[in-house]
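These numbers come from the heavy atoms of this one structure, side chains and all, not from hydrogens, waters or symmetry mates. Counting starts at 1 for both ligands and their atoms, in listed order.
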Amino acid sequence: MMIEQPLDYDDVSDHARLQKKLKTPICLDESIKTVAIAREAIGAGACRIINIKPGRVGGFGESIRLHDLCASCDIPVWHGGMLESGIGRAANIHLSTLPNFTLPGDVAASRRYFDPDLIDPPIEIGPDGTIGVPPGPGIGVAIREDRVARATLKHAVLEAAHA
Ligand SMILES: [Mg+2]
């Protein structure tokens with residue numbers, strides 16, 4: 001249904017040339033670091049699908065702006081997972097509920113990669129292959145502070161500058 005990132009990350013023009021020759025949609029992943037690059041890639045016809053990873057584009061604000069741009073251009077998106085802990089994974093699930101995330105995403109169960117994960121209870125995949133949106137306030141999962149402390153390598157306190 002798609003070919004993901006067949007060429008170099010900085011090669012929008014050749015992706016555009018290739019996409020024009022293919023019936024199969026090209027999905028850009030590594031190329032899309034910002035909304036501005038996505039606008040350029042879509043305008044050039046370099047892709048028909050985009051993969052959104054918050055860790056690649058600089059966070060959830062840019063992810064939402066990217067989602068909105070793609071929605072306005074009829075470019076469906078899907079959520080690409082990286083190796084987030086359960087905390088990032090929960091936030092990813094919430095992001096994936098936006099309406100233009102119409103393709104199956106990469107978000108997996110939280111205990112698949114970390115033992116133990118930083119949240120409890122873990123995020124589980126249901127028997128139908130879907131993951132429920134964590135209920136409750138915030139990102140909807142309980143963070144195990146003891147596990148965060150055990151996994152912490154470095155600690156810093158940042159103070160706001162006084163005007
Ligand atoms: Mg990829």
Side-chain angles (χ1 to χ4, degrees), residues 1-119 122-134 138-141 143 148 151 153:
M1 70 162 297
M2 71 176 89
I3 300 171
E4 183 177 321
Q5 195 68 48
L7 304 173
D8 282 350
Y9 76 94
D10 60 350
D11 194 352
V12 169
S13 61
D14 282 337
H15 276 107
R17 288 176 55 209
L18 181 61
Q19 180 65 93
K20 284 174 182 53
K21 296 181 179 183
L22 296 176
K23 286 183 186 169
T24 304
I26 288 175
C27 167
L28 288 182
D29 177 0
E30 285 80 4
S31 293
I32 307 298
K33 292 182 177 174
T34 63
V35 170
I37 293 170
R39 189 175 292 116
E40 178 192 339
I42 294 167
C47 62
R48 293 188 204 133
I49 295 173
I50 283 180
N51 170 310
I52 297 179
K53 291 175 180 152
R56 192 194 65 233
V57 303
F60 287 93
E62 192 75 350
S63 295
I64 292 168
R65 287 186 287 275
L66 188 51
H67 164 275
D68 293 349
L69 168 73
C70 291
S72 72
C73 298
D74 291 324
I75 300 286
V77 301
W78 60 285
H79 195 298
M82 298 176 85
L83 294 179
E84 291 91 353
S85 72
I87 298 170
R89 208 161 285 268
N92 289 346
I93 293 169
H94 289 283
L95 179 68
S96 300
T97 65
L98 293 176
N100 195 40
F101 279 91
T102 55
L103 299 165
D106 255 357
V107 182
S110 65
R111 63 174 153 204
R112 193 164 176 180
Y113 302 105
F114 299 98
D115 182 24
D117 197 1
L118 303 180
I119 60 169
I123 292 166
E124 306 270 18
I125 298 176
D128 63 351
T130 66
I131 298 175
V133 178
I139 58 173
V141 295
I143 297 169
V148 173
L153 298 177

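- Between the side chains of H79 and N92, at least one donor N or O sits under 3.5 Å from an acceptor N or O.
- Here E30 does not reach the Mg ion (ligand 1): none of its N/O/S atoms is less than 2.8 Å from the metal.
- Residue E4 approaches the Mg ion (ligand 1) most closely through its N/O/S atom OE2.
- Nearest heavy-atom pair across P54 and S63 is CA-OG, 3.3 Å.
- At least one side-chain heavy atom of P134 sits under 4.5 Å from a side-chain heavy atom of I93.
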* Under the salt bridge (charged side-chain N to carboxylate O under 4.0 Å, His left out) rule, what do R56 and D29 come out as? Steps first, then yes or no, please. => CA-CA 9 Å; R56 192 194 65 233; D29 177 0; 2.3 Å; yes
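- Restricting D29 to its N, O or S atoms, the one at the least distance from the Mg ion (ligand 1) is OD2.
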